[in-house]
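Counting from 1, the numbers follow the sequence of the chain as shown.
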Amino acid sequence: MSTKLTQGYEKKRGSSGGARRDLEDLRAAINHHASENLHHGIVKVKLPEKGKARDRWLNRSEAAKLLWTAWRHKEEQTTHRGKNKGIKIKTGKYTLRHIARFILIGLYTGTRASAIAAASPRKRQGHAYVDLDSGLYHRLAIGRRATNKRQPTVPLPDRLLAHMRRWYDKKIIANHFVEWQGKGVKSVKTGFARAVEVAKLDLSDGNVTPHTLRHTAATWLMQLGTDPWEAGGYLGMSVKVLIDTYGHHHPDYMKEASGAITRKRETTKRVVGTPQTTKPAVRTRSIRAI
């Protein structure tokens, strides 16, 4: 038996990236099924081509704008009666403050969205653990096995740690650092998209999503000249991926090559029969002098 799943799947499920991930899961399930001798036919799963890697990142001004927008945003309700019918009125409810906390953690740690959503100040099965005493962020959820998506334990920046301690001490959060109405959230996509919309960020260079915060952290570390080995370890990213994707932001990126291309080459001319020591070196003309 031969079965071929085509790219028509992506038209039903949305983006080619999402379709590819779903089909990869399906292929893995089929292969596992075969390895257990539960079927003996050949099932081929054709995957859509990989899309171009997204590297949209936020500059400091954009990041600050997004953060403050999420922190200050208040719920709006439309009046349905009276002379103000149809007018939107802001209530006293801050509906995006959990997104502001998510943004702050994402910018300062470059952690994947799922690990931020699972972060807890308490040791709990299935959750990432933030030790507020030692300042260590154990990103791999307790009881979970490590995967190719690295989630190493890292020290938290002092400024972020101070915020997280304050949130906990003042009971702003209880069991999760990203909570909505006292409960943890599984996804921040809707709230994050709303914050981006209200902040009116420029999307001409690409959409801004929760994963953009990881791109931003990696870019900022490179721009600040951080050692790639240190930066990769902090982000949970291989040095190769870091350099291939974000290396051009590093101040030392190809600096030696760009400097060498205009450097004068030291050469000497010597008159035949004359000792080399009696004739001073004559430098060749630079490109600038030609």
Side-chain angles (χ1 to χ4, degrees), residues 21 24 50 52-60 62-64 66-67 101-165 167-168 176-178 188 192 206 208-257:
R21 285 189 292 273
E24 285 175 342
K50 283 188 176 182
K52 183 180 178 181
R54 290 177 291 182
D55 59 355
R56 172 72 162 97
W57 57 278
L58 303 177
N59 58 38
R60 300 278 176 172
E62 288 178 314
L66 181 61
L67 179 61
R101 291 193 291 275
F102 175 89
I103 292 169
L104 203 59
I105 296 171
L107 289 173
Y108 278 131
T109 68
T111 303
R112 291 181 175 85
S114 59
I116 298 177
S120 172
R122 310 174 192 275
K123 285 187 176 181
R124 304 175 66 205
Q125 195 74 9
H127 290 269
Y129 170 56
V130 177
D131 188 335
L132 293 175
D133 293 326
S134 66
L136 292 177
Y137 185 2
H138 302 268
R139 291 189 282 203
L140 181 63
I142 297 173
R144 298 280 177 83
R145 295 176 61 182
T147 66
N148 290 334
K149 293 186 176 181
R150 305 177 185 182
Q151 295 178 317
T153 298
V154 293
L156 290 168
D158 292 339
R159 186 176 297 180
L160 176 60
L161 180 59
H163 281 299
M164 298 176 89
R165 285 171 173 168
W167 298 338
Y168 183 70
H176 305 83
F177 287 99
V178 181
V188 296
F192 192 91
V208 176
T209 68
H211 198 69
T212 302
L213 303 181
R214 182 166 169 80
H215 291 309
T216 300
T219 300
W220 288 2
L221 285 173
M222 289 293 93
Q223 288 176 336
L224 293 169
T226 309
D227 177 79
W229 188 87
E230 285 275 342
Y234 184 74
L235 295 166
M237 185 183 299
S238 72
V239 174
K240 183 181 186 306
V241 170
L242 180 69
I243 293 176
D244 288 349
T245 310
Y246 310 99
H248 58 285
H249 292 290
H250 199 285
D252 293 336
Y253 178 71
M254 295 190 180
K255 188 175 182 180
E256 184 175 347

For a side chain to side chain contact (heavy atoms under 4.5 Å, CB included) check, start with the C-alpha distance between T109 and Y234, then their side-chain angles and the critical distance, and finish with the verdict. CA-CA 8 Å; T109 68; Y234 184 74; 3.9 Å; yes
With rounding to the nearest 0.5 angstrom, report the CG to OH distance, L140 to Y129. 15.0 Å
How about W57 and E62: do any of their side-chain heavy atoms sit closer than 4.5 Å? no
Min side-chain heavy-atom separation Y246-Q223 under 4.5 Å: no
Interatomic distance, CG@L235 vs CZ@R112, rounded to 0.5 Å, equals 9.5 Å
Check for a donor-acceptor pair, side chain of R139 on one end and backbone N or O of R150 on the other, with a separation under 3.5 Å. no
Which distance, rounded to the nearest 0.5 Å, do you find between the OG1 of T219 and the NE2 of H248? 7.0 Å
Whether H250 side chain and T226 backbone form a donor-acceptor pair below 3.5 Å: yes
Minimal non-hydrogen separation, G232 against L242, with atom names: N-CD2, 3.7 Å
Find out whether I243 and Y253 are in side-chain contact, i.e. whether some heavy atom of one side chain is under 4.5 Å from a heavy atom of the other. no
Could you pull out the closest heavy-atom pair between P152 and G233, with the gap in Å? CG-O, 3.4 Å
State, with a plain yes or no, whether a side-chain heavy atom of T209 is found less than 4.5 Å away from one of R56. no
Is a side-chain donor or acceptor of H138 paired with a backbone partner of T153 at a separation under 3.5 angstrom? no
Nearest 0.5 angstrom please: W167 CH2 to L104 CG, how far? 5.0 Å
State, yes or no, whether a side-chain contact exists between F192 and T212 at a heavy-atom distance under 4.5 Å. no
Roughly how far, to the nearest 0.5 Å, is CE of M237 from OG1 of T245? 7.0 Å
Quick check against the 3.5 Å criterion: does W220 have a side-chain atom that pairs as donor or acceptor with the backbone of R60? no
Scanning both residues in full, the closest heavy-atom pair of Q125 with I142 reads OE1-CG2, 3.7 Å
Does atom CZ of R122 have more than 12 heavy-atom neighbours from other groups under 6.0 Å away? yes
Which atom pair, heavy atoms only, marks the closest approach of A217 to G110? CB-CA, 3.5 Å
Minimum side-chain heavy-atom gap I116-Y137 below 4.5 Å: yes
Worked check of side chain to side chain contact (heavy atoms under 4.5 Å, CB included) between L221 and E230: CA-CA 10 Å; L221 285 173; E230 285 275 342; over 6 Å; no
Sub-4.5 Å side-chain heavy-atom contact between H176 and R124: yes
For P121 against F177, the heavy-atom pair lying closest together: N-CE1, 3.5 Å
Working to the nearest 0.5 angstrom, can you tell me the gap between L107 CG and R214 CZ? 13.5 Å
Taking everything shown except D158 itself, do over 12 heavy atoms lie less than 6.0 Å from its CG? no
Report the C-alpha distance between L213 and I105 in whole Å, list the side-chain angles of each, state the deciding distance to 0.1 Å, and finish with yes or no for side chain to side chain contact (heavy atoms under 4.5 Å, CB included). CA-CA 9 Å; L213 303 181; I105 296 171; over 6 Å; no
